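Numbers here are sequence positions counted from 1. Bear in mind that the values here come from a model prediction, so they are computed numbers and not experimental data. In each ligand, atom 1 is the first atom listed, and ligand 1 is the first ligand listed.
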Amino acid sequence: MKIDMYSYAENFIVEDEALVNARSRGAEVGAQDVSVGTGSFLRHLAHTISAQSVVEVGTGAGVGSIWILRGMIESGTLTSIDDEAEHANIARTAFAEAGIAPARFRLITNPMMEVLGKLTDRAYDLVVLRHDPEDLSFSIEQAHRILRSGGVLVIDAFFGDGKVPDPAQRDARTIALREAGKNIRLDSSQWISTLINVGDGLLLATKL
Ligand SMILES: C[S@@+](CC[C@H](N)C(=O)[O-])C[C@H]1O[C@@H](n2cnc3c(N)ncnc32)[C@H](O)[C@@H]1O
C-alpha cells in the first residue's frame with residue numbers, strides 16, 4: 001500500500017468551523033486561500049517567533065489571516081492587503097466569526113504596489129506574500145526593508161501549481177517564481193532561506 005505522506009501532513013491539523021466557513025466563502029469568489037497545512041504552518045511560525053506585527057499580501061477570504069492571528073501574541077496586529085474589496089468584506093465576516101477583535105487587524109484594499117512602500121522600516125516580524133509572482137522582485141525588496149533583523153519572509157504557492165520544479169514549464173509566472181527563488185537563495189548576505197514542501201510550496205527566508 002502506498003501511503004500518501006503529503007495528504008497526511010496537510011490534514012494533520014483539522015480546521016474549525018470558522019475556518020471551514022471562511023474557506024468555502026473564498027472558494028465561491030475564487031480567492032485561492034492557503035492550504036490547511038500552510039495555514040497551520042503559518043500559525044506555528046507566528047507563535048515560534050512571538051510575532052507581534054505581521055504583513056500579509058493577499059487577504060483572500062481571510063483563511064491564512066486567521067491562522068496567522070491565532071499564532072501571534074495576543075496584543076499583535078496583522079496588516080493584510082488585498083486589491084479586491086469583495087475579499088476584504090468576506091475576510092471581515094470570517095474574522096468576526098472566528099472571534100478576532102477588530103483592533104487586531106487592519107485590512108487595506110489596494111494593490112500591494114501602492115501599499116508596501118508606505119510601511120515603516122524594520123517594524124515587522126513576519127511578511128507573507130501571496131500575490132502574482134511577476135511583482136515579486138518589488139515585494140521581496142520591500143519585505144527586506146520592513147522586516148526587523150531576524151524577521152521572516154514567507155512566499156506562499158512557490159511551486160506555482162507544481163510548475164516551478166518542472167524545467168519544461170517556461171511561462172512568465174513560473175519563470176518569475178524561479179528567478180525570485182534564485183535571487184533569495186544566492187543573496188546569502190541578506191537572507192538565510194529554505195524551501196519546504198507544504199501546500200503548493202513555501203519559500204522561507206529569514207532576514208540577516
Ligand atoms: C493566491 S492570491 C491570488 C492569486 C493571483 N490572482 C494569481 O492567480 O496568482 C490571493 C489573494 O491575493 C490578492 N492579490 C493578488 N495580487 C495582489 C496584489 N498585487 N495586491 C493586492 N492583493 C493581491 C487576490 O485578490 C487574492 O485575494
Query - atom 10 (C) of ligand 1 - nearest protein heavy atom and its distance - result: A31 O, 3.4 Å
Query raised in the report: What atoms of ligand 1 come closer than 4.0 angstrom to any heavy atom of Q32?
Result: 1 (C), 3 (C), 4 (C), 5 (C), 6 (N), 7 (C), 8 (O)
Requested in this report: Could you grab the distance from atom CZ of R178 to atom CG of L136, nearest 0.5 Å is fine?
Outcome: 14.0 Å
Query raised in the report: Taking V154 as the fixed residue, which of L45, L129, I196, V127 is the one that meets the side chain to side chain contact (heavy atoms under 4.5 Å, CB included) rule?
Result: L45
Query raised in the report: Of all the atoms in ligand 1, which lie at a distance below 4.0 Å from a heavy atom belonging to H87?
Result: 25 (O), 26 (C), 27 (O)
Query - Proximal candidate to atom 17 (C) of ligand 1 [heavy atom criterion; set D83, T59, D82, V29] - result: D83
Query raised in the report: Which ligand 1 atoms, with their elements, are less than 4.0 angstrom from a heavy-atom of P111?
Result: 20 (N)
Report summary line: Looking only at non-hydrogen atoms, the one of R173, E86, R130 nearest atom 2 (S) of ligand 1 is R130
Query raised in the report: Rounded to the nearest 0.5 Å, how far apart are CD1 of I146 and OG of S53?
Result: 10.0 Å
Report task. From atom 7 (C) of ligand 1, work out which of V34, I81, D132, D200 has a heavy atom at the shortest distance. Result -> D132
Report task. Please determine, by modelled atom types, if T174 and Q169 share a side-chain donor-acceptor pair under 3.5 angstrom. Result -> no
**Report entry** N/O donor-acceptor pair under 3.5 Å between D33 side chain and G60 backbone
**Finding:** no
Report summary line: Rounded to the nearest 0.5 Å, the CD1 atom of I81 sits from the CD atom of E114 at a distance of 11.0 Å
Query - Point-to-point distance, once rounded to the nearest 0.5 Å, from CD1 of I66 to CD of E97 - result: 8.0 Å
Query - Close approach, N110 and ligand 1, non-hydrogen under 4.0 angstrom - result: yes
Report summary line: Nearest non-hydrogen protein atom to atom 16 (N) of ligand 1, with distance, is H131 CB, 3.5 Å
Query raised in the report: Can you check whether R122 reaches S149 side chain to side chain, under 4.5 Å on heavy atoms?
Result: no
Report summary line: Looking only at protein heavy atoms, what sits closest to atom 19 (N) of ligand 1 is M112 CG, 3.7 Å
Query raised in the report: Quick check: does D135 get an N/O under 3.5 Å from an N/O on ligand 1?
Result: no
Query - Value rounded to 0.5 Å, distance of CG in D125 from CD1 in I73 - result: 8.0 Å
Query raised in the report: Which heavy atom of the protein is the closest neighbour of atom 12 (O) of ligand 1, given with residue, atom name and distance?
Result: G58 CA, 3.1 Å
Query raised in the report: Would you say M113 contacts ligand 1, with heavy atoms under 4.0 Å as the rule?
Result: no
Query raised in the report: What are the atoms of ligand 1, with element, lying closer than 4.0 Å to any heavy atom of G60?
Result: 27 (O)
